[in-house]
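One structure is given below, encoded as structure tokens.
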Amino acid sequence: MISSTDFIRAFKMNENWMHKISTPALIVDYKTLQRNITYMARFAKENKVKLRPHVKTHKCPLIAHMQLQAGAQGICVAKVSEAEIFAASGIKDILIANEVISPEKIDRLLNLNRYTTTMVAVDSRKNIEDLNHLARKRDQILKVLIDLNVGLNRTGVQPGEPALALAQLISQASHLELEGLQAYEGHLTYIKDFAQKKERTKACMEMAVSTKQLLEENGIECKTISAGGSGTFMITGKYPGITEIQPGTYVFNDYHINSVVPDLEIALTILTTINNKPAKGIFTLDMGSKSISNDMGDPRFKGYGKKIKVLALTEEHCQCTYPSKYDFNIGDKLEAIPAHVCPTVNLYDFLYVIQDDEIIGRWKIAARGMRE
Ligand SMILES: Cc1ncc(COP(=O)(O)O)c(C=O)c1O
């Protein structure tokens with residue numbers, strides 16, 4: 001005879017959360033998310049370094065508030081339009097970790113700076129002059145961090161004398177305040193050999209710390225050095241003189257970051273459905289490039305390691321091969337693990353939050369698509 005617990009279990013199996021969600025959909029495991037958030041907050045606390053998570057990974061104000069509640073002191077964003085979304089959710093301590101160049105964007109930044117502290121990275125004389133000019137017109141003080149190019153060769157000024165020249169300009173600027181330096185070492189994130197990563201990360205941090213010393217020898221105060229991402233925080237966050245880390249990917253992770261920092265668990269997957277079986281050993285998923293980013297490689301599948309192989313990923317389809325021992329049927333659900341989580345999240349309006357096989361939330365990814 002079927003017991004009532006068996007009946008409830010059978011009922012739950014039929015009502016499995018996977019079958020309540022239209023696919024493709026972003027799925028976040030709540031407990032894993034919380035573990036990742038707690039892990040980084042604890043690391044920061046134990047190493048007496050401030051935590052300023054980069055929210056470009058989740059683009060979701062609710063998750064930013066979870067990070068702040070766990071101990072983060074503020075957030076990093078990539079763009080002014082992202083800053084606007086997070087400020088509107090009540091966050092008051094924001095660093096735009098890129099340069100804001102054109103006057104209309106500087107205006108938007110200063111609008112935010114009226115009711116929050118919104119700091120910005122700088123790396124050129126012209127930009128410093130423009131920021132000061134517009135801040136003076138509005139009678140506002142704007143905090144800036146000098147962005148150092150410590151090897152990523154994407155943004156930033158060279159450490160040492162070139163950075164000192166910018167610091168001197170800032171200290172003469174009536175409406176700018178130098179908060180400190182940013183030294184993001186993103187080019188070292190995926191180095192697999194830890195000893196090599198450690199040596200190269202320390203070399204980057206040394207450039208930042210010695211630049212701070214140079215500024216101070218020249219009478220310029222430098223309160224903050226903000227650096228570090230999810231692949232390097234464990235080195236950067238322990239380096240003497242680094243005051244703040246700014247990891248982003250650690251909340252969700254993807255298989256690349258998980259392969260270099262296994263302590264950070266994969267909290268996000270894409271739920272997808274097998275829609276077709278066009279030939280023996282091939283199935284096609286309803287998850288194409290509109291639903292997952294493959295800028296850093298093809299997706300993998302939860303529970304299958306590399307056994308399912310992607311043949312092609314086009315706009316609406318993902319064709320895969322699979323070994324004959326798996327008896328996949330049309331309608332079956334799979335969870336894909338992205339190679340790169342941040343641009344994947346950017347493709348969705350909502351994420352579904354799962355705890356103990358129940359859907360406990362549908363959270364808005366309010367800052368998706370914020371490209372200005
Ligand atoms: C300036 C800056 N800081 C921090 C991060 C976070 O890095 P990660 O996502 O590897 O943690 C990024 C990511 O692109 C970044 O551009």
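Order of listing sets the numbers, starting from 1, for every ligand and every atom in it. Because only heavy atoms are used, hydrogens play no part in the values below, and waters and symmetry mates are left out as well, while side chains stay in.
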- Message: Students should be able to answer this: which protein heavy-atom is nearest to atom 1 (C) of ligand 1, and at what distance?
- Response: Gln246 OE1, 3.4 Å

- Between Pro247 and ligand 1, does any nitrogen or oxygen pair lie at a separation below 3.5 Å? no

- Task: Can you pull out the closest protein heavy atom to atom 10 (O) of ligand 1? Residue, atom name and distance to 0.1 Å, please.
- Result: Ser230 N, 3.5 Å

- Protein heavy-atom partner closest to atom 9 (O) of ligand 1 - residue, atom, separation in Å: Thr249 OG1, 2.5 Å

- Message: Whether Asp298 and Lys309 form a salt bridge (side-chain N of Lys/Arg under 4.0 Å from carboxylate O of Asp/Glu) is what I want to check.
- Response: no

- Task: Inspect the contact between Glu216 and Lys212 and indicate whether a charged nitrogen and a carboxylate oxygen are less than 4.0 angstrom apart.
- Result: yes

- Message: Which residue and atom name correspond to the protein heavy atom nearest atom 14 (O) of ligand 1, and how close is it?
- Response: Lys56 NZ, 3.0 Å

- Message: Could you check whether any side-chain N or O of Ser89 sits under 3.5 Å from a backbone N or O of Phe86, counting only pairs where one atom can act as donor and the other as acceptor?
- Response: yes

- Query: Is any side-chain heavy atom of Phe301 less than 4.5 Å from a side-chain heavy atom of Leu285?
  - Reply: yes

- Min side-chain heavy-atom separation Glu82-Lys56 under 4.5 Å: yes

- atom 15 (C) of ligand 1 [closest protein heavy-atom partner, distance rounded to 0.1 Å]: Tyr184 CE2, 3.4 Å

- Item | Closest approach of any protein heavy atom to atom 16 (O) of ligand 1, naming residue and atom | Arg154 NH2, 2.9 Å

- ligand 1 atoms in contact with Gly229 (distance to a heavy atom under 4.0 Å): 7 (O), 11 (O)

- Query: Does atom NZ of Lys92 have more than 12 heavy-atom neighbours from other groups under 6.0 Å away?
  - Reply: yes

